[in-house]
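Right, one structure below, let's go through it.
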Amino acid sequence: MDRATELNLIDELLNLKADKSAFLDEAVARNDVEHYLSEERFQQERDRIFRKRPLVAAHASEMANAGDFLRREVAGQPVLLTRDRSGKVHAFLNVCRHRGTRLVDEEAGCRHRFACPYHAWTYSNEGQLIAAPHFEAGFGEIDKAELSLKALTCIERFGFIWVVCDGASEREIDAHFEPVSEDLAALHMDEMVVVHQDVAIRRANWKILVEGGIEAYHFKIAHRTTIGPHFEDNLSSYQKMGAHIRSVLPRTSMAKLTEDTRETWRLRDHAQVLYTLFPNAALLVQQDHIAWINQEAISAGETRVRLSTLIPKSEAHRTDHWKRNHKITSVTLEEDFVIGESIQESIASGANSHMLFGKFEGALHVFNQIVEGALAPEESLPE
Ligand code: FES
Ligand SMILES: [Fe+2]
């Protein structure tokens, strides 16, 4: 973001604080609980959103060298990510083209070729079938070039590896990122590394987990023994940026900024800046690092959460510091996720027909409107 925007965001929150007010939408909003419970709805989200939008599959530092590979699930698809000799990244369906065996079982490693465990059809890390025993005798009339691994659109941008399952043009991908590209570029995440990562399956709809991060109404209650004391009560702002949302959650230290000259004001020292990158990645920008939270939807009621601490490469030696910070993030998010699981279980009772979003929970309403818009059949990428 440019300097004027940074100062405006600080001014806006300082003014609200001075007025003892909150950042308010016009009206209370509602969201049907079926949107979190229905498997049919989840299938629509998978087909129309997750399969069509660029999804973060990994951070580039997780496969930094030629030959590195990772196995991931993207929008329910088994994906093999590779980095070839030239440094280019590829995404393939991790499925042998002969009779469909899972080609690679390991989660990660470094290899330039992959042999299928069934009959040893062997593929390069650029996807070509390069060897197959008795191929001429058994499959002579088929051109090997037709038997390359199925490739998915894969790009490296802002330090992350993004995959689009159903394919998308360069123009569509650019348009998806355009509203946040300046902000993301300024974070220099291509010069960062993942220093810690936890993966867990949570029994909650992915949207409940996203919603848990974009309001400050719960801070003083759900996080009272962790981060709660360091943040303002029920004060946060948000800006819709295309299909994405930037939320600003001020620390109590922001109020003291008025004692300093404006030239020294730095937003990320006094607020958590949270980017909700549509549909399912969150970047929680902290003073000296970034927590990256990937919400990988498995079913209506299950989500794989990948929590990573991203740090500047040059600061990697501060091992205890990063360990401590990762722990703080994971303990805090655990509080959110346990509540998310409680919501998922409870709303199935039918007690409430809708979620209620107060006027200071406007980001949640906007997020659900973006989901709704992207589900419309005529909607093409981007929002
Ligand atoms: S299924 Fe892979 S080589 Fe036969
Ligand atoms: Fe929270």
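We use all heavy atoms of the structure for the numbers below, so side chains are in, but hydrogens, waters and symmetry mates are not. One-based numbering, in listed order, for ligands and for the atoms of each. Nothing here was measured: the structure is a model prediction, and the numbers come from that model.
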Quick one about [Y] and [X] (side-chain donor to acceptor, distance below 3.5 Å, no hydrogens or angles considered), yes or no?
{"X": "Trp322", "Y": "Glu315", "result": "no"}
{"X": "Arg203", "Y": "Gln344", "result": "no"}
{"X": "Thr303", "Y": "Glu296", "result": "no"}

Protein N/O/S count near atom 2 (Fe) of ligand 1 (criterion: distance under 2.8 Å): 2
Which atom of Asp2 lies closest to which atom of Glu182, heavy atoms considered: N-OE2, 3.6 Å
Exceeds 12 heavy-atom contacts within 6.0 angstrom, atom NZ of Lys144: yes
Heavy-atom neighbours of Phe139 CZ exceed 12 at 6.0 Å: yes
Metal site the Fe ion (ligand 2): N/O/S of Asp336 inside 2.8 Å: yes
